[in-house]
Amino acid sequence: MCIRDRVESVSAYVEQVRAIVQNEDGPVWMRGQSQAAHRLLPSVLRETIPLIGPRGQALVGNETFQASGVIDTGPNPERMLEDFKRRALPFITSVPRNDFEWLFLMQHHGVPTRLLDWTTNALVALYFAVDGVRSAAPSQSVSSDPDDSVQEFDRNSAAVFLMNPERINAELHVDVTTPVDVAQDYETWHPYTRPMSSASEMSTYAPLCILAPQISPRIRAQAGLFSLHGSNLEPLDYYTVTRPLITKILIPNDAAIRIRQELHILGITPSFVFPDLDGVAREVKENELRAFGQERRVYLASLSERAS
């Protein structure tokens, strides 16, 4: 993992991204996360728990080990896919053509899937990194290396990840050197819709960088792209071969709050990132809270002046 210096402004972030993109021979995808301590793992895999240990013994929940052969359990993505398909039909005007398009629709509406969102828009990635930060606590290192001035899993920082999807696919898959349009070539890639139960000879072990049809204004606005996890449950930034290909820019929490204000000035607002009623509603709420905050400060200042 290549860890960049912390950035504390939009301009410093853009300069970091510019340098990375210029040095990369190919496309660059970006993903913002409000917790730098979290790894690149899709939502449906974050709740998995060990069920059977590496020696086949049942676990009670307090074991600590590092070994292969562990059997995990967790929310069932295949079951959620079938349930969503069954119940969503009355609410959609265009029926998805295949299960990949169903998965993109599920992701759009917040159902946990094996998909991880990426974008080619650097400011959108930064928005998602800082949007969830509410505490300005100082950075807290969790690295075991005291000589590291910038820590990969700082608990009080946000992060933007950057990668070249062509290089990731080339490392993890034979004869795959570009992002794959899985919905368009469904017959080839459909085992990835049910990797744990697929009887196909295709290996669905490793994650895959994919393209998605722009089935919603939100996906189009966010320049939506995805990595798709298969049967392996490890994060994308866990693999030895992919870690050197991923860059991580850290944003301290106190800087994240200021950057969120800068992005608002630049027009990177909820209604821009989420061009639908959800985005409009959220922006109306944020604008009113911002206006109320200003009015409150003016009122308190006037009370202070009267008291003096």
Side-chain angles (χ1 to χ4, degrees), residues 1-4 6-7 13 16-17 20-21 24 26-48 66 72 74-75 77 103-104 106-107 110-122 124-133 142-143 150-173 176 179-180 182 192 195 204-212 219 222-251 256:
M1 178 73 67
C2 178
I3 310 299
R4 290 276 173 156
R6 297 180 178 91
V7 298
Y13 166 78
Q16 291 274 10
V17 172
I20 295 167
V21 171
E24 185 60 64
V28 175
W29 291 6
M30 289 156 267
R31 173 178 172 80
Q33 296 188 172
S34 60
Q35 288 286 339
H38 293 173
R39 308 193 77 160
L40 295 173
L41 193 66
S43 57
V44 80
L45 301 182
R46 295 170 194 165
E47 302 298 326
T48 58
Q66 291 183 340
D72 296 288
L103 286 172
F104 299 139
M106 289 170 62
Q107 180 83 352
V111 181
T113 71
R114 284 190 174 87
L115 294 166
L116 201 61
D117 296 87
W118 295 80
T119 181
T120 54
N121 188 318
V124 168
L126 182 60
Y127 172 91
F128 281 109
V130 302
D131 182 56
V133 176
V142 296
S143 172
V150 179
Q151 310 296 351
E152 180 176 356
F153 300 114
D154 188 338
R155 290 195 181 97
N156 289 306
S157 289
V160 173
F161 295 83
L162 301 94
M163 70 174 184
N164 180 334
E166 296 178 349
R167 298 176 67 189
I168 296 291
N169 275 358
E171 285 290 346
L172 295 177
H173 298 272
V176 181
V180 179
V182 289
Y192 265 91
T204 60
Y205 180 81
L208 180 70
C209 294
I210 66 173
L211 305 174
I219 291 178
Q222 297 172 14
L225 306 157
F226 300 93
S227 52
L228 173 63
H229 268 62
S231 57
N232 187 39
L233 305 182
E234 302 297 345
L236 183 62
D237 56 329
Y238 168 84
Y239 299 91
T240 302
V241 294
T242 58
R243 280 184 57 79
L245 306 180
I246 300 172
T247 300
K248 189 173 183 179
I249 299 175
L250 299 184
I251 304 108

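A quick note: this is a predicted structure, and the numbers were derived from the prediction, not measured. We're numbering straight along the sequence, starting at 1.
- For the pair C209/N169, a side-chain contact is recorded, criterion being any heavy-atom separation below 4.5 Å from C-beta on.
- Residues T119 and R31 form no side-chain contact, since every pair of their non-hydrogen atoms from C-beta on lies 4.5 Å or further apart.
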**Request:** List the steps and the verdict of side chain to side chain contact (heavy atoms under 4.5 Å, CB included) for L172 and T242.
**Result:** CA-CA 8 Å; L172 295 177; T242 58; 3.9 Å; yes

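- The CE atom of M163 sits 5.0 Å away from the OG atom of S227 when rounded to the nearest 0.5 Å.
- Between the side chain of R114 and the backbone N or O of G230 there is at least one donor-acceptor pair closer than 3.5 Å.
- Interatomic distance, NE2 of H38 versus CZ of F161, reported as 10.0 Å (0.5 Å rounding).
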| said: Could you go through L211 and V180, starting from their C-alpha distance and side-chain angles, then the distance that decides it, and tell me whether this counts as side chain to side chain contact (heavy atoms under 4.5 Å, CB included)? | reply: CA-CA 6 Å; L211 305 174; V180 179; over 6 Å; no

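- Between V160 and T247, every side-chain heavy-atom pair lies at or beyond the 4.5 Å cut-off.
- To the nearest 0.5 angstrom, E24 atom CD is 8.5 Å from E166 atom CD.
- Here the shortest heavy-atom pairing between A122 and Y13 reads O-OH, 2.7 Å.
- When I251, I249, D154 are each tested for a side-chain contact (heavy atoms from CB on, under 4.5 Å) with R6, only one passes: D154.
- Between the side chains of T120 and W29, no donor-acceptor pair of N or O atoms lies under 3.5 Å.
- In this structure, CG in L236 is found 10.5 Å from CG in L208, a value given to the nearest 0.5 Å.
- Ionic pairing of E152 and R243 is present here: one or more N-O contacts between side-chain nitrogen and carboxylate oxygen are shorter than 4.0 angstrom.
- When each of I246, V241, V176 is paired with I168, the side-chain contact (heavy atoms from CB on, under 4.5 Å) condition holds for I246 and for no other.
- Taken from CZ in R39 to OH in Y238, the straight-line distance is 8.5 Å, to the nearest 0.5 Å.
- Rounding to the nearest 0.5 Å places CG of L116 at 9.5 Å from CG of L45.
- K248 places a side-chain N or O within 3.5 Å of a backbone atom of A36 that can act as its donor or acceptor partner.
- Between P112 and P77, every side-chain heavy-atom pair lies at or beyond the 4.5 Å cut-off.
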Walk me through it: do T113 and V44 pass the test side chain to side chain contact (heavy atoms under 4.5 Å, CB included)? CA-CA 5 Å; T113 71; V44 80; 5.5 Å; no

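- Each of W118, Y192, F104 was compared with I210 under the side-chain contact (heavy atoms from CB on, under 4.5 Å) criterion, and only F104 meets it.
- In this structure, a donor-acceptor pair under 3.5 Å is present between the side chains of N232 and Y239.
- Judged purely by atom type and a 3.5 angstrom limit, H229 uses its side chain to pair as donor or acceptor with the backbone of E234.
- L103 has its side chain within reach of L115: a pair of non-hydrogen atoms, C-beta onward, lies under 4.5 Å apart.
- Residues V17 and M30 approach most closely at CG1-SD, 4.1 Å, considering heavy atoms.
- Contact annotation: the side chain of Q35 never approaches that of V133 to less than 4.5 Å [non-hydrogen atoms, C-beta and beyond].
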